Amino acid sequence: MPQAIAETIFDIFYLGFAILAGVTMLRKGKTPLVRKAGLMTALLGGGDSFHLLPRAYALWTTGLEANAAALGMGKFITSITMTVFYLILYYIWRDRYQVKDRNSLTKIMWGLSALRIALCLLPQNRWLEYRQPLQYGILRNIPFAVIGAIIIVIYAQETQKNDDKALRFLPAAVALSFGFYLPVVLFSGTFPLVGILMIPKTLAYVWIVLMFWKLSRAPQNL
């Protein structure tokens with residue numbers, strides 16, 4: 001019961017913040033960059049809700065294993081939406097720093113995103129089962145990790161070169177999100193307590209959203 005209470009409270013605040021911030025930026029954003037950030041943030045909250053809401057329901061009722069199908073489908077949807085999240089974050093980078101070339105990098109990002117989604121669609125993932133094969137969890141996250149590494153590098157380069165104080169910590173936030181997420185992929189099946197790292201991983205995403213929220217409220221930084 002304490003776990004159900006703690007997770008539910010956390011999820012309500014997180015999902016409420018992400019969806020409200022995303023919709024607000026999407027509707028009221030005065031620049032394409034802010035509207036992209038709004039879409040990205042709303043997608044983050046909306047996608048995560050497919051996983052977190054069934055998890056909260058499971059914790060309050062018959063348990064996680066009894067609700068494996070709903071949890072697995074939510075995890076599948078979140079895997080897709082998070083891929084799109086980073087693709088939008090890439091286009092925000094292009095807008096923010098007025099990148100007009102780097103077309104080969106754009107093709108790489110689209111290729112990795114398509115590969116990640118294709119791997120998520122494989123039936124061997126066995127999304128609807130409680131215990132899913134580790135090898136496919138690793139396989140589908142390889143292109144995702146490469147996407148994350150690219151985002152970290154390109155934002156680190158441009159924020160430093162342009163002295164971008166508004167987004168200077170974005171590479172660190174993305175690095176932290178992957179740093180907390182990958183051990184869960186690798187070890188949660190053997191050591192369930194590792195799953196607690198999903199909380200700081202989520203907080204890293206909240207940090208990213210806060211950066212763009214502050215950016216949207218300070219027109220001089222756009």
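Predicted, not measured: the structure shown is a model, and the values here were computed from it. Note that the numbering runs from 1 along the sequence shown for the chain.
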Asker: Side chains of Leu64 and Leu59: does their closest heavy-atom pair fall under 4.5 Å?
Answerer: yes
Asker: Ignoring hydrogens and angles, state whether a donor on the side chain of Tyr155 or Asp164 is under 3.5 Å from an acceptor on the partner side chain.
Answerer: no
Asker: When clusters are formed by joining ILVMFWY residues with side-chain heavy atoms under 4.5 Å apart, either directly or through shared neighbours, do Phe212 and Tyr97 land in the same one?
Answerer: yes
Asker: Check each of Leu167, Ile88, Ile154 against Trp93 using the side-chain contact (heavy atoms from CB on, under 4.5 Å) test, and report the only one that passes.
Answerer: Ile154
Asker: What pair of heavy atoms forms the shortest contact from Leu119 to Leu139, and how long is it?
Answerer: CD1-O, 3.5 Å
Asker: Could you tell me whether the side chain of Phe10 reaches within less than 4.5 Å of the side chain of Leu52, counting heavy atoms only?
Answerer: no
Asker: Begin from the C-alpha positions of Ile138 and Leu186 and carry the test side-chain contact (heavy atoms from CB on, under 4.5 Å) through to its verdict.
Answerer: CA-CA 7 Å; Ile138 295 173; Leu186 295 172; 3.8 Å; yes
Asker: Just so I know, are the side chains of Val84 and Ser113 near enough to count as touching, which here means a heavy-atom distance under 4.5 Å?
Answerer: no
Asker: Any heavy-atom pair between the side chains of Lys36 and Tyr91 that's under 4.5 Å?
Answerer: yes
Asker: Is there side-chain contact between Ile5 and Trp60, with heavy atoms separated by less than 4.5 Å?
Answerer: yes
Asker: Using side-chain contact (heavy atoms from CB on, under 4.5 Å), reason through Arg55 and Leu71 one step at a time and then give a plain yes or no.
Answerer: CA-CA 6 Å; Arg55 182 177 173 86; Leu71 291 170; 3.7 Å; yes
Asker: Is the shortest side-chain heavy-atom distance between Leu15 and Asp48 below 4.5 Å?
Answerer: yes
Asker: List the atom of Met109, the atom of Ile150, and the distance in Å for their closest heavy-atom pair.
Answerer: SD-CG2, 3.8 Å
Asker: Ile12 and Leu53: same hydrophobic cluster, using ILVMFWY side-chain contacts below 4.5 Å?
Answerer: no
Asker: Indicate whether the side chain of Asn67 and that of Tyr130 have a donor and an acceptor atom separated by less than 3.5 Å.
Answerer: no
Asker: How many angstroms lie between atom CZ of Arg140 and atom CG of Leu115, to the nearest 0.5 angstrom?
Answerer: 13.0 Å
Asker: Is the Phe178 to Phe144 ring centre distance short of 6.0 Å?
Answerer: yes
Asker: Measure the CD1-CZ distance between Ile92 and Arg35 for me, rounded to the nearest 0.5 Å.
Answerer: 12.0 Å
Asker: Looking at Gly46 and Ile19, what are the two nearest heavy atoms and their distance?
Answerer: N-CG1, 4.0 Å
Asker: Rounded to the nearest 0.5 Å, what separates atom CG in Leu39 from atom CG in Leu26?
Answerer: 6.0 Å
Asker: Side chains of Tyr90 and Arg94: any donor to acceptor distance under 3.5 Å?
Answerer: yes
Asker: Compute the centroid of each ring, for Phe76 and then for Phe50, and state whether the two points are separated by less than 6.0 Å.
Answerer: no
Asker: Where is the tightest heavy-atom contact between Cys120 and Asn125, given as atom of each residue plus distance?
Answerer: O-ND2, 3.3 Å
Asker: Looking at every heavy atom in both Ala175 and Ile152, which two are closest together, and how far apart are they?
Answerer: CA-CD1, 3.6 Å
Asker: Val206 and Tyr86: same hydrophobic cluster, using ILVMFWY side-chain contacts below 4.5 Å?
Answerer: yes
Asker: Just checking Gln124: does its CD atom have more than 12 heavy atoms from other residues, nucleotides or ligands closer to it than 6.0 angstrom?
Answerer: yes
Asker: Would you call Met40 and Leu89 a side-chain contact if the rule is heavy atoms closer than 4.5 Å?
Answerer: yes
Asker: Does Ile196 have more than 12 heavy atoms from other residues, nucleotides or ligands lying within 6.0 Å of its CD1?
Answerer: no
Asker: Quick check: does any side chain N or O of Gln132 sit under 3.5 Å from a backbone N or O of Trp127, one acting as donor and the other as acceptor?
Answerer: yes
Asker: Under the side-chain contact (heavy atoms from CB on, under 4.5 Å) criterion, do Leu176 and Tyr205 qualify, and how do the steps go?
Answerer: CA-CA 9 Å; Leu176 284 171; Tyr205 282 111; over 6 Å; no
Asker: Does Ser216 reach the main-chain N or O of Trp213 with its side chain, forming a donor-acceptor pair under 3.5 Å?
Answerer: yes
Asker: Does any donor atom in the side chain of Asn141 or Tyr181 lie under 3.5 Å from an acceptor atom in the other side chain?
Answerer: yes
Asker: Answer whether the closest heavy-atom distance between the side chains of Leu215 and Met211 falls below 4.5 Å.
Answerer: no
Asker: Kindly give the heavy-atom pair with the smallest separation between Val194 and Pro183, and that separation in Å.
Answerer: CG1-O, 3.6 Å
Asker: Strictly by modelled atom types, are Arg116 and Thr83 linked by a side-chain donor-acceptor pair under 3.5 Å?
Answerer: yes
